[in-house]
Amino acid sequence: MATSDEIVLYYDEVSPPVRGVLMAIAALGLKDRIKLNYIDLFGAAHLKEDFIKVNPLHTIPVLRHGDLTLTDSHAILMYLCDTFAPAGHDLAIPDSVTRAKVFNRLCFNNGFLFQREATVMRKVFSREITDPSQHLKPIEEAIDALEIFLKQSRYTALDHLSVADFSIVVTVSTLNFLIPITTDRWPRVHEWFQAMQTLPCYAENRVGLEKLRAIFNQLIKA
């Protein structure tokens, strides 16, 4: 596949996984190369027939590059690194050990942190609950694990930035609606979270995060 083939991202920035991919696109300098196709989640555009032909799982993000279609944000992040990160770039994956470390943390986000946050947020957005405070223990336990990971390395997977940090920070910024990341229980997570917010590419997280926050706050107050 030629890297010059058209690249299309199906997205809605209210989605944390989408925001992680947008951060990676910005960090890799690919914004001018990606065609963005907006899928309105709260308008149920992801359930329409045309989009289900693109992704039968009706989830976003979806990345299409030539004949390749990827339907998971973590797979998209690894693909962007493999395909577009030049040698020596922080996001480049130069060897199998680095790949294993980054992939391991992406799996942590996919299987634990994001899933636990999403379980509660879905209940809020479906109006199944208006007070999430009794549903937070699994999320707290996942943040406890992240605290341990961040005592082992400067960033979530490595001693330098990786796409695992993008994937995890968009989840942490969203679950921060539910559980403020405080220095007393999670000092390393707090320190890392503050540092991530200073990155230029973090701007790709802010717009969608604030859109989601506004909807979340309306439902909690209802």
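For the single chain, residues carry numbers from 1 onward in sequence order.
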Next item on the list: Could you tell me the separation between the CZ atom of F114 and the CD1 atom of I139, rounded to the nearest 0.5 Å?
Entry: 11.0 Å
Notebook entry, point to check: P132 versus K123: any side-chain heavy-atom pair under 4.5 Å?
Noted result: no
Check: With side chains defined as the heavy atoms from C-beta onward, is the minimum distance between Y11 and V21 less than 4.5 Å?
Finding: no
Notebook entry, point to check: Would you say L106 and L57 are hydrophobically clustered, going by side-chain heavy atoms of ILVMFWY under 4.5 Å?
Noted result: no
Margin query: To the nearest 0.5 Å, what is the distance between CG on D5 and CG on D67?
Written below: 7.5 Å
Notebook entry, point to check: Are side-chain heavy atoms of H65 and L70 found at a separation under 4.5 Å?
Noted result: no
Note to self: If you count every heavy atom of other residues, nucleotides or ligands that lies below 6.0 Å from D184 atom CG, does the total exceed 12?
What the structure shows: yes
Margin query: So L41 and S15, do their side chains get closer than 4.5 Å, heavy atoms only?
Written below: yes
Margin query: I'd like to know if the side chain of Y79 pairs up with that of D82 as donor and acceptor (distance under 3.5 Å, no hydrogens or angles considered).
Written below: no
Note to self: Working to the nearest 0.5 angstrom, can you tell me the gap between E117 CD and L136 CG?
What the structure shows: 11.0 Å
Note to self: Applying a strict under-4.5 Å side-chain criterion to I, L, V, M, F, W and Y, I'd like to know whether V14 and L47 cluster together.
What the structure shows: no
Note to self: Quick check on side-chain contact (heavy atoms from CB on, under 4.5 Å): which of V97, L91, L77, V163 does V102 satisfy it with?
What the structure shows: V163
Note to self: Any donor-acceptor pair under 3.5 Å linking the side-chain atoms of Y10 with those of H46?
What the structure shows: no
Notebook entry, point to check: Could E13 and K211 be called an ion pair, given the rule that one side-chain N must be under 4.0 Å from one carboxylate O?
Noted result: yes
Check: Passes side chain to side chain contact (heavy atoms under 4.5 Å, CB included), L68 versus L63? Steps please.
Finding: CA-CA 8 Å; L68 177 68; L63 185 82; over 6 Å; no
Notebook entry, point to check: Between S153 (side chain) and L150 (backbone), is there a donor-acceptor pair under 3.5 Å?
Noted result: no
Next item on the list: Look at the side-chain heavy atoms of Ile, Leu, Val, Met, Phe, Trp and Tyr, link any pair under 4.5 Å apart, and say whether L30 and V207 land in one connected group.
Entry: no
Item checked: R105 to F149 six-membered ring, cation-pi geometry met (6.0 Å, 45°) -> yes
Check: Passes side chain to side chain donor-acceptor pair (under 3.5 Å), S173 versus N176? Steps please.
Finding: CA-CA 5 Å; S173 66; N176 196 44; over 6 Å; no
Item checked: side-chain contact (heavy atoms from CB on, under 4.5 Å) partner of F177, chosen from I220, V124, L209 -> L209
Check: Does atom CD of Q134 have more than 12 heavy-atom neighbours from other groups under 6.0 Å away?
Finding: no
Next item on the list: Please check if the side chain of E147 supplies one atom and the backbone of R188 the other of a donor-acceptor pair under 3.5 Å.
Entry: yes
Note to self: What I'd like to find out is whether the side chain of L9 reaches to under 4.5 Å of the side chain of L22, using heavy atoms alone.
What the structure shows: yes
Check: Rounded to the nearest 0.5 Å, what separation is found between the SG atom of C107 and the NE2 atom of H74?
Finding: 8.0 Å
Note to self: Can you confirm whether K31 sits close enough to E204 that some side-chain heavy atom of one is under 4.5 Å from a side-chain heavy atom of the other?
What the structure shows: yes
Check: Any sub-3.5 Å donor-acceptor pair from D12's side-chain atoms to Y38's backbone N or O?
Finding: no
Check: Does R206 reach the main-chain N or O of Q197 with its side chain, forming a donor-acceptor pair under 3.5 Å?
Finding: yes
Checklist line | Donor-acceptor contact below 3.5 Å, side chain S162 vs main chain L158 | finding: no
Item checked: Expected output: side-chain D165 to main-chain T156 donor-acceptor under 3.5 Å -> yes
Check: Taking side chain as C-beta onward, heavy atoms only, is L146 less than 4.5 Å from F108?
Finding: yes
Check: If we only count heavy atoms from C-beta on, is the I143 to L175 side-chain gap below 4.5 Å?
Finding: yes
Note to self: If we ignore hydrogens and angles and just use 3.5 Å, is the side chain of N109 paired with the main-chain N or O of L113 as donor and acceptor?
What the structure shows: no
Next item on the list: Run the salt-bridge test on R64 and E6 with the 4.0 Å N-O cut-off and return the result as yes or no.
Entry: no
Margin query: Quick check on F112: does its CZ atom have over 12 non-hydrogen neighbours (other residues, nucleotides or ligands) under 6.0 Å away?
Written below: no
Next item on the list: Return yes if some donor-acceptor pair links the side-chain N/O of R99 with the main-chain N/O of P94 below 3.5 Å, else return no.
Entry: no
Next item on the list: Without swapping roles, check the side chain of T83 against the backbone of L80 for a donor-acceptor pair under 3.5 Å.
Entry: no
Next item on the list: Could you check whether the rings of F125 and F216 sit parallel, tilted or perpendicular, using 30° and 60° as the cut-offs?
Entry: perpendicular
Checklist line | Residues E140 and K137 bridged, charged N to O under 4.0 Å | finding: no
Margin query: Whether the T182 and H190 side chains hold a donor-acceptor pair (N or O, under 3.5 Å, no angle test) is what I'd like checked.
Written below: no
Note to self: Any side-chain to backbone donor/acceptor pair from D159 onto R154? Under 3.5 Å, distance only.
What the structure shows: yes
Next item on the list: Looking only at non-hydrogen atoms, find the nearest pair between I93 and C81 and report the distance.
Entry: CD1-CB, 3.9 Å
Check: Could you state the interatomic distance from CD1 (I179) to OG (S133), rounded to the nearest 0.5 Å?
Finding: 10.5 Å
Checklist line | Shared hydrophobic cluster, V18 / I52 (ILVMFWY, side-chain heavy atoms < 4.5 Å) | finding: no
Note to self: Rounded to the nearest 0.5 Å, what separates atom CD1 in I129 from atom NE2 in H135?
What the structure shows: 4.0 Å
